[in-house]
S.K.: 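Can you keep this structure in mind? I'll have questions shortly.
Starting from 1, each residue takes its place in the sequence as its number.
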Amino acid sequence: MISRSEKVEQFRILHKSGCFLVPNPWDVAGAQMMVGLGFGALATTSSGYAFSRGKRDGAREVSRDESLAYAAEIAAASHVPVTADFEDCYEDTQGGIAETVRLAAEAGLAGLSIEDRRPDPDQPIREFDDAVARVAAAAKAARRYDIVLTARADGIGKGVYDVEEAVRRLRAFEALGAEVLYVPGVPDLVSLERICRSVSSPVNHVLGQGVSGLTFDQISKAGVRRISLGGSLARAAGGALLGICQEIARGDFTALETAPSWNRLRSPDSAT
């Protein structure tokens, strides 16, 4: 068994070793499949997990306890570092945020994220000072419990602010001690390059939001250190399930006949 502290160190090394991929499983079977394919780290997905539970993402329909239990299961089932998508840390106070960080470390996680988003569709993004104060609380707790904090500026994806404001927030988050920075919904490659040049800390880029059609090499050359899949992998899997069920509803069972065996799913070969 590998200890949590060893996983934290592995996670930090990955961010220093060039650009790497982090897929986002929403259950243990998926996590084990991804580790079997050779991925060096995993991240949870708040949207994918919420969908699997029949709930909405970003509205606190999934509780902190539920997210912690889900993340702890993924971490326990994996020998690689796991970082958790914890939205706004599910808390309104700085003390509550610090407690979420403590619980994340207790759950065996190597990292977690905090967003400047809020569970309010009318005001989805927090004001600058509020966002900064919350990241400060998370960063202080992350240092105390030795866990990698990712700070997210979500306003571009929500249509609330532009790239310049995202950069302003990232610089503030970095100065407070966030180890990884993250801007969902970046609109184009030029903006992605601008964001990466504007900070010294590793930047995470998520697929499935904002600019599309970029290759791994393009994203890496832009300066990104970590590429995550967010909820896009869960949506792709859901789309495949939807298509198969539609075929079955029409009386076509071909997809079931060509389904892989349980052994193939449990022990995928990264070379194929």
Side-chain angles (χ1 to χ4, degrees), residues 20-35 37 39 41-75 77-78 80-90 100 104 107 109-121 124-125 150-160 166 180-187 192 203-214 216 219 224 226-245:
F20 66 102
L21 280 164
V22 177
N24 303 69
W26 53 98
D27 60 19
V28 169
Q32 293 176 332
M33 183 186 299
M34 293 167 197
V35 172
L37 288 169
F39 290 102
L42 302 175
T44 66
T45 163
S46 64
S47 59
Y49 179 72
F51 179 75
S52 76
R53 307 298 297 173
K55 298 181 179 181
R56 291 182 303 157
D57 181 43
R60 291 197 186 169
E61 290 188 7
V62 176
S63 70
R64 181 174 70 178
D65 286 349
E66 288 177 290
S67 288
L68 280 164
Y70 151 52
E73 276 194 332
I74 301 298
S78 313
V80 302
V82 176
T83 185
D85 174 359
F86 274 169
E87 302 188 45
D88 65 346
C89 280
Y90 307 99
T100 297
L109 295 165
L112 79 158
S113 62
I114 183 171
E115 307 169 3
D116 63 355
R117 195 158 56 110
R118 58 191 301 170
D120 182 349
I125 299 297
T150 298
R152 292 176 39 155
D154 279 68
I156 293 178
K158 293 297 180 181
V160 173
V180 183
L181 305 169
Y182 184 177
V183 183
V186 177
L192 184 59
V203 172
N204 182 95
H205 176 67
V206 63
L207 301 181
Q209 297 184 44
V211 60
S212 62
L214 299 181
F216 180 93
I219 297 170
V224 170
R226 187 174 89 198
I227 302 173
S228 60
L229 309 183
S232 58
L233 187 58
R235 287 190 290 108
L241 178 61
L242 175 62
I244 291 169
C245 288

S.K.: Test side chain to side chain contact (heavy atoms under 4.5 Å, CB included) on Val80 and Met34; report intermediate values, then the result.
M.R.: CA-CA 10 Å; Val80 302; Met34 293 167 197; over 6 Å; no

S.K.: How close do Ser67 and Val62 get, counting heavy atoms only, and between which atoms?
M.R.: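 Between these two residues, the closest heavy atoms are OG-CG1, 3.4 Å.
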
S.K.: Partners of Glu87 by salt bridge (Lys or Arg N to Asp or Glu O under 4.0 Å), sequence neighbours excluded?
M.R.: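 Result, salt bridge (Lys or Arg N to Asp or Glu O under 4.0 Å) vs Glu87: none returned.
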
S.K.: Are the side chains of Asp57 and Phe51 in contact, using a 4.5 Å heavy-atom criterion?
M.R.: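 Counting from C-beta outward, Phe51 and Asp57 never come under 4.5 Å.
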
S.K.: Could you measure the distance from the CZ atom of Arg117 to the CD1 atom of Ile125? Nearest 0.5 Å is fine.
M.R.: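 Answer rounded to 0.5 Å: 7.5 Å.
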
S.K.: Please report the interatomic distance CD1(Ile227) to CZ(Phe216), rounded to the nearest 0.5 Å.
M.R.: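 One finds 4.5 Å between CD1 of Ile227 and CZ of Phe216.
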
S.K.: Which atoms form the tightest heavy-atom contact between Ala234 and Gly48, and what is the distance?
M.R.: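 What the structure gives for the nearest pair is CB-CA, 3.7 Å.
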
S.K.: Flag yes if more than 12 heavy atoms outside Phe20 fall under 6.0 Å of its CZ atom; otherwise flag no.
M.R.: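 Count over threshold, so yes.
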
S.K.: With a 4.5 Å limit on heavy-atom distance, are the side chains of Phe86 and Leu109 in contact?
M.R.: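 Answer yes - side chains close enough.
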
S.K.: Would you say the side chain of Leu112 lies within less than 4.5 Å of the side chain of Cys89, judging by non-hydrogen atoms?
M.R.: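 With C-beta onward as the side chain, the pair touches.
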
S.K.: Test your reading of the model: is there a side-chain donor-acceptor pair from Ser113 to the backbone of Ala151, 3.5 Å cut-off?
M.R.: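 Judged by distance alone, no pair lies under 3.5 Å.
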
S.K.: Only counting residues at least two apart or in another chain, list the ones meeting salt bridge (Lys or Arg N to Asp or Glu O under 4.0 Å) with Arg235.
M.R.: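 Arg235 satisfies salt bridge (Lys or Arg N to Asp or Glu O under 4.0 Å) with no residue once adjacent residues are dropped.
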
S.K.: Which heavy-atom pair separates Ala153 from Pro184 by the least distance, and what is that distance?
M.R.: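 Residues Ala153 and Pro184, closest heavy atoms: O-CD, 3.4 Å.
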
S.K.: For Lys55, what residues pass the salt bridge (Lys or Arg N to Asp or Glu O under 4.0 Å) criterion, not counting sequence neighbours?
M.R.: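 Testing Lys55 for salt bridge (Lys or Arg N to Asp or Glu O under 4.0 Å), a comparison that skips the adjacent residues, returns Glu66.
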
S.K.: Give a yes-or-no answer on whether the side chains of Thr45 and Asp85 include a donor-acceptor pair shorter than 3.5 Å.
M.R.: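 On atom types as modelled, these side chains do not qualify, holding no pair under 3.5 Å.
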
S.K.: Side chains of Ile219 and Leu207: does their closest heavy-atom pair fall under 4.5 Å?
M.R.: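 Of all side-chain heavy-atom pairs linking Leu207 with Ile219, at least one is under 4.5 Å.
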
S.K.: Quick one: list whatever passes side chain to side chain donor-acceptor pair (under 3.5 Å) with Ser78, sequence neighbours left out.
M.R.: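 Not a single residue meets the side chain to side chain donor-acceptor pair (under 3.5 Å) criterion with Ser78.
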
S.K.: Going by atom type alone, with no hydrogens or angles, which donor-acceptor pairs under 3.5 Å involve a side-chain atom of residues 24-32 and a protein atom two or more places apart or on another chain?
M.R.:
| from | atom 1 | to | atom 2 | distance (Å) |
| --- | --- | --- | --- | --- |
| Asn24 | OD1 | Leu229 | N | 2.9 |
| Asn24 | OD1 | Gly230 | N | 3.0 |
| Asn24 | ND2 | Thr44 | O | 3.0 |
| Asp27 | OD1 | Gly30 | N | 2.8 |

S.K.: Under the side chain to side chain donor-acceptor pair (under 3.5 Å) rule, collect the residues that match up with Arg60, sequence neighbours excluded.
M.R.: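 So Arg60 forms a side chain to side chain donor-acceptor pair (under 3.5 Å) with Asp88, Asp92.
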
S.K.: Is there a side-chain contact between Leu192 and Val211 in this structure, where contact means two heavy atoms from C-beta onward sitting under 4.5 Å apart?
M.R.: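 No. Closest side-chain heavy atoms not under 4.5 Å.
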
